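As structure tokens, the structure follows; a few thoughts come after it.
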Amino acid sequence: MKYAYFPGCKIAHHLPAHGKSVEAVCAHLGLELHKPEFSCCGYPVRQESRDASVYSALRSLALCARLGLELMTPCKCCFGNFRHALHQVGHDEKLKLRMKDLLADEGLDFPETTRVRHFLQVLDDNRSLVEDAVRRPQKGLKVACHYGCHALRPENITHFDDPFAPTIFERLVALTGASALPWDLSLECCGYPLRGRDETISGLLAARKMAGAKASGADVLATACTYCQLQFGGENHHPDQSIPAVLFSQILGLALGLEPKRLGIEPGEAWVRLAV
Amino acid sequence: MITVTTRVLIIGAGVTGAGLLRDLALRGVQALLIEQRDVNSGASGGNHGLLHSGARYVASDREAAVECREEGAILRRIAPQCIDDTGGLFVAVRGDDERYVADFPSLCAASGIPCRGLDPGTARLVEPALSENLIAAFAVQDGAVDPFMLSLDNISQGLGLGCSMRRNLAAISMDVSGGRITRVRCRDITTGEEVFIEAEIVINASGAWAGMIAALAGRHIDILYSMGSLIVTQDRITTQVINRLRPPADADILVPGGTVSILGTTSIRVSSPDGCRPSVAETNSIIDDARLMLPILERTRYIRAYAGVRPLVSLGPAGDDRAVSRGFSLIDHAAEGVENFLTITGGKLTTYRLMAEKAADMACAKLGVSAPCRTSTEILPSSTLGKWTEPGRGPRSWVESRTEDDIVLCECEMVSRGVIDSIIDEAGAMRGRSMLKAVGMRSRVGKGPCQGGFCGPRITGHLYDRGTATSTQGLAELKTFTERRWRGFSPILWGVPLMQAELQEALYCGAMDLEFGPPPSTLDEESEKCLAAKEQP
Amino acid sequence: MKTYDVMVIGSGFAGMAAALFAANRGLSVVQTGATGGIDFSTGFIDLLAVHPIAEQKVWEDPFAALAALRRDLPAHPYCRVSDDEISLALQEFTNFLGQHGLCYRGRDKKNTLALTSAGTLKPTYLLPCTLWNGVEAREKKANTLIVDFHGLKGLSARQIAEVRKDWPNLKTARINFPGMGGELYPEHMAWSLADPARRAELAEMVAPLAVEAQYVGFPAILGMTDTSIVLRHMEELLGRPVFEIPTLPPSIAGPRLRAAFDRGLPGLGVRTCTQKLVTRAESSEAGFHFTAGSGSTSVDISARSAILASGRFFGKGLKADRHHIHEAIFDLPVTQPENRGRWHRPAFFDPQGHEINQAGLETDAGLRPLGADGKPFHPRLHAAGAILAHQDWMRMKCGAGLAIATAYKAVASL
Amino acid sequence: MDFFSIGLTLACVSAAGGALWRVRTWFLRGKAFAKGGNTGPGVFRRFVGGLADVILLRRTLRDGPARWTGHMLLVLGFLPLIFLHAMDDVVTRPIFSAYEPTLDPWQFLRNLFGLISLTGLAILAMHRITRLKHESIAQDWALLAVIGGVLVSGFFLESFKIMSPGDFTRMTDDYFPEAESEELLALKTYWARENGVRFTIFLPTAPEITELGAQLHEDRCAGCHAPTATAFVSRSMTALVPSSMNIADQGRTVLWYAHVALAFIALGLLPWGKFFHPVATAANLLVRGGSRTSSAGNSSFSSGLALDACTRCGQCSLHCSVAPIHKVLGNRDILPMDKLLDLRQHLDGSLSPTGTAALVEGSHICTECLRCTQVCSAGIDLQDLWATSKKVLTEAGRAGVDGEIRKSTAAEWARDFSSRNLGRIGSTGAGLADRAESFWGCVQCTTCTGVCPVVAVSEDPSRDLDLAPQQIMNLLRMGLKAQTLGARMVWSCTTCYKCQEHCPQGVPVADILYELRQLGADNLRKKEGRA
């Protein structure tokens, strides 16, 4: 399988580990990633301008269309915005015409058929591949899955999974041999979108989720979105009130038997001792 | 037994009675206004709220047309707070009588009514909701008026000048001796308490009930009762008043009222002014007809329907009620042997001031008061009594000036607890005992899409919290309120409103078992029906 | 494409129950449905309490009422299910809820009067355990304190005390909810009580007010998915039995039920497509082919059989235009009053109830809805719940019970 | 004081003073970012890396061969010209005692280096014209023009000198005063034929005269004059001047002034604007030590230097992740190259309010994707500049649309917006918020608020958020859009879409909130005069 890999803006500087681990996992699974020079998915500017956001998304989709590949992104916000942009042009003829003009300016065709997939969906599409490749099941690792809003909702646009009772993340965690614990707030917002806008509420949202994840008895909180990981990871949370936030691609990578270093896991990360 | 004396007793707190109270007060004449239910309970509350340019009457009743034009100008000057000067369009669609269309401009000119032709394309640009089948459009100076605010502001000024008002007080009999009404026996319909009122002059301004009140003094007025039903849309469909350009008929006017639009009306002869309510059949016929002019009316969401009974003083053999004059009747019963008794009825909302002026002129002549009428020049002060009936005021004030710790009790119209408290405090003695209904009358509570379904129980809870409601009486009031809303709600139940109604019943009956327990308050409206009539000898 | 054994259309009580029962019987199940059904539930499981509604006759024994109803109203959907089936259905249903943190309680073959947010008493068959102490307290007329909160609009303790003059030892208190101000919403309060520290704060505020009380009642905000833990903790902290009183819907009861099903059904292998309404349905000898949702994100579903539990108007199983009522998915014939003028009565609280509420689908004995020809529309299409004709669940007090029982029967008839 | 001395003095003063001023700004501007120093380990490796970047222009090479070749040729040609030609009195002559500018190899080399420079310059100009036309501003063209002018005027000057009979006469007057007229004629004849001097008089062609001219040249001239043919460019360029035109002497004078003046201008402009980039960029490359990533917390000096190191090569803007956003919004400050310019102006306090607003928008639209930093041929740590400037702007109260909205209360915005035509988002005539149909389904159940996590964690929603989601929907249903636009709920929506997903009636609550923010942004843009 070949995909046009859309890492999203935040990976390069803010979360290289995400890019590293996703690329390592894909390489290991034989999922070929093409890396054209994409632009922003349009999500960050969606607060400011509808046209700018939609055009930004379509431009990258048009690049995929030119390559004849599906787009795969490990970021839920990028994923959501691509789906949203397609939905918007699908429901607004005038917008579509404007977008076609802008694309034509850059010599691009309107991406009529480009499919957008999230990393988790790609893994789910290739379940058997993953299943066969697991070498070191992560038995004993208890995981609280964090779904990420922008892929999950609104389902009639994102078409990711059931918006009330999704299972894709738990299914994939099960493949790694780890156990996904049920917990109440797995579908709630991480709060990242309010970073730099309303720090108080952003912090409260993250803290509430962290507390819930910790109370569930999980060892780690698994994310599959750059923004969510940025919100939960790092030193944002007091160790007493939180559990480590870990990228699912890293958990999977370990289960596949990849070296922690290849997955961007720092030597000091304590959760790795729970894994393996 | 209490006896109250006053110089003038005005019976009926519709807009005419309210106008009379103000008119007399401005002339320095002390007056008492009594009302068997609440302000604008009759036709004054059951109409479009249309400030006529007069164009509607240019063909049928030129005198009325001119009156409308003149009074419209006065109201715009003295009571701008009550008026949304939207402008209006007269439009014809394919199939309408083209001769009428052709005559219209010259008829307007003959009545001195400004009228400007628009081509259909321009008209649809101004009002995109208009049909593609438009064939003609004329712009006129129609407007919208808030009849509740108008009445309450009139009353408020009257009260400020030393007059008084009692709500829930029904006239049940009159003592007539020596060619004079010596006293009027009244009953408080919520408490049953009786009051005698002695007045130098009694003015019957009871609108559709004028015949019944006159009968209390043994006088006879031949009144036709014409019920008109209207429906309220959830949104403001147009910015201007839209009239169908054809001889007056059903369903030919759409009036914007703040955030909604009001569509009507029908004209059905009824035998009594009491217990009128809109019906499913009428709603259907209104929409079937009006959608030709405004196709969106088939799809849009409706809030409720309501009805008013127009008093039409019969001036001869009547065919269509619309042929009967909409001009008003001022009757001096002296000719019939009762010296101090006047009846003022008929007319239109737009000409209420003129009606009050004429009636007050006659009363003053009898009283020997020479003070001239000042209502056409004095500005009508904006009062706080009527302010919460204005759509959009609640939400605006919530955003711009709410107090800390206030909460919204009526979500649809964003009426806050603080506003409701202020209404309760202001209503004071006027409120009678049915507080929830009084709040509904003086605010937008219950007028939004939920029709009281959610706000009713919430405000009831608050009335209990305040101690205003006790034992099961609050529940009874809630049920009364609900039944009152139901009259207007039940005729428009299809689509989303039907879901809303189902949700309401699931709440009220499915969850709270309110069909059991205290019946709707017996001290209120259902039992008021024809109270006056029943007491007739 | 996978062909499922059963497609359940609807996610109200009937839909959830049908999905549960079918999954428990080893069938592969796919379920579609929107929010709006179970989310507005009061949490009560009514079986039957009022019959005939025009007489407003209230029954203490729901099974006796059922017997009378079956005698008087042969078209009522309850005539399609036996008492045993009803009992088994309720048991299986409440067992499942119990496993997912929602315990139910009632009396054997007896309705219980439960306190509502209006202060009225509602006869119901099974009620959430968190309410049970309130039943006891009221029956004993015990010294009881009901606490409500500044800013919570769905419940006035004082109203309850005023309406329940027959319970003189009822005291009330209004307090601030710890950590929250302004307008309060039950779901948020419930989530916040997941934190034991918050419960302690709450108890600390209530304790001095409850010195004389034997019982303490709260609006239904005690926890979201961990209600029994929160309730027990509050009882420990306050040293006396604690209960909840349902608030004005949408209350916490709906989200609690939804959470239990959202958690439990996927575990049973049910594939859920929430918020996807069926937009196209085709039936053939072999079964059904559905499209759920619209546009590029619609899904195609094949199933051998289907259970139509799409509810009434608010559930979008029935839709009404200005003149007629239609069934939304198969356009099945709907038994209904002849014109809209007959849908509703002039008085909202008319004891007769409104005719429109008895409109719905006709079925055969196996709850298969009838087509225009009076024969079952499809051999493997069944209907359950509120969409069935000849019942007025709101007035008869039979909503959840009827939904669960007919779902049970529909699954059994597959 | 003659023209040359005055010019040189002025140019030197400008160059030296300007350079000092520039270096000073490195410290001052850097301080605006107020951060601790950061010189990581491996000083030697960094030095080598930096030097390699400077000498080999490694970063430039990554953008493709054209710019690198152009730069390399220009540098390789122009630096020798400066040292060997422009500064011959202080560099060449002291080293090579036999130096004469008219002798080979100098004459030949001057032409060679000039040609190399000119080729490099032409490549760069072509590159800019073909790829960066839209991104370029006046000083980009000015730099090309001045350097090109110096080179071309130099060639022309030499070319006119070759042709100038006046120069010949001056030389013979100085170095061959005793010449007989016949000798002079012979020498002229020789120089005219061999070295391209254009005399207006008739010159004989007799072989004996030619012979004499060659002899005299060998004796009197050849010691200092190589054949002008080795000035292969300038000599060839004489063909450009028709022989009928007799302008060599005048032209030579004019061109001398032109060449010297342009050289002085180039020198004087050196510390100004882009002219400084050879110095600043090189310095920056050395400081960066070969790093291609960003390191937060650069020292204030290196930040200040970095701000100055831009060569306006346009690579950052061409590769910018948010370039499509710039394409739609049209704000040049969304692109790094222009944003840097405005950032510098802002730090100097000379940016207009509108410009500042544009800078703020550009600053907040940046997604910090690192790409500009990776492609920057000047090695500027743009990532750090963007992150830091965003922070600095935010701290100064310029936090973008969101920040502006939060400066006033919902009530103040309601009053402000009520008086405006707010316009609509969406092209179908009405946005979701304007369409009555959006709200037809609402049954007032308040589910949207009940599930909202923002309301849930807010301590006092009516105080902190102004309006709950369902209240916003109700206001919009009533057409009161202005009342919603400043509400904190609109701006503190975390966009989780729970409201929309849970709504039983399909009201697109979250989409509407998005739309309101877009509308707010739109109106702020209008307010700031940037519609």
Side-chain angles (χ1 to χ4, degrees), chain A residues 61 79-80 82-92 111-116 121 145 147 151-171 174 180-189 201 204-205 207-217 241, chain C residues 11 16 19 29-39 99-101 179-180 187-188 190-198 223-227 229-230 254-277 279 292-299:
Chain A
L61 291 175
F79 173 80
F82 283 126
R83 305 286 322 200
H84 248 279
L86 287 172
H87 178 84
Q88 302 236 27
V89 284
H91 287 76
D92 188 336
E112 296 283 356
T113 54
T114 304
R115 262 182 104 202
V116 179
Q121 289 178 313
C145 298
Y147 263 91
L152 200 60
R153 292 181 291 258
E155 195 276 344
N156 67 352
I157 290 171
T158 62
H159 197 41
F160 183 71
D161 198 348
D162 185 300
F164 291 81
T167 51
I168 182 170
F169 210 156
E170 283 84 357
R171 289 202 303 269
L181 300 185
W183 66 300
D184 290 335
L185 301 171
S186 71
L187 313 185
E188 292 287 313
C189 178
I201 288 190
L204 286 169
L205 289 171
R208 182 169 86 133
K209 281 212 72 150
M210 259 305 176
K214 190 176 168 69
S216 74
Q241 280 131 38
Chain C
S11 58
M16 293 297 196
V29 183
V30 57
Q31 181 190 24
T32 62
T35 55
I38 213 153
D39 306 79
Q99 282 161 19
H100 291 94
M180 288 187 183
E187 199 169 330
H188 305 156
W191 281 120
S192 83
L193 288 178
D195 180 2
R198 191 57 68 84
M224 187 67 180
T225 54
D226 48 358
T227 50
I229 297 167
V230 175
R256 281 178 185 165
L257 282 163
R258 172 166 288 285
F261 282 105
D262 283 347
R263 190 179 273 198
L265 288 181
L268 293 170
V270 175
R271 185 186 163 205
T272 57
C273 305
T274 317
Q275 286 298 52
K276 280 220 182 299
L277 291 174
T279 46
S294 59
S296 61
T297 58
S298 62
V299 284

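Throughout, protein chains are lettered first and strands after them, A, B, ... in sequence-line order, and every chain is numbered starting at 1. No hydrogens, no waters, no symmetry mates; every other heavy atom, side chains included, goes into these values. What you see is a predicted model; the values in this text were computed from it and never measured.
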* **Contacting region of C:Arg258 [heavy-atom separation from chain A under 4.5 Å]** => side chain

* To do: With a 4.5 angstrom heavy-atom cut-off, could you sort out which part of C:Val270 is near chain A: side chain, backbone, both or neither?
  => neither

* To do: Enter the distance from C:Asp226:CG to A:Asp184:CG here, rounded to the nearest 0.5 Å.
  => 6.5 Å

* Intermediate values then yes/no, salt bridge (charged side-chain N to carboxylate O under 4.0 Å, His left out), A:Asp162 and C:Lys276 -> CA-CA 9 Å; A:Asp162 185 300; C:Lys276 280 220 182 299; over 6 Å; no

* Asked: Given that the side chain runs from C-beta out, which part of A:Ile157 has a heavy atom under 4.5 Å from chain C: side chain, backbone, both or neither?
  -> backbone

* **Gap between atom OG1 of A:Thr167 and atom CG of C:Leu265 - 0.5 Å precision** => 12.0 Å

* Name the member of A:Arg208, A:Glu155, A:Arg83 that forms the most heavy-atom pairs with chain C at distances under 4.5 Å. => A:Glu155

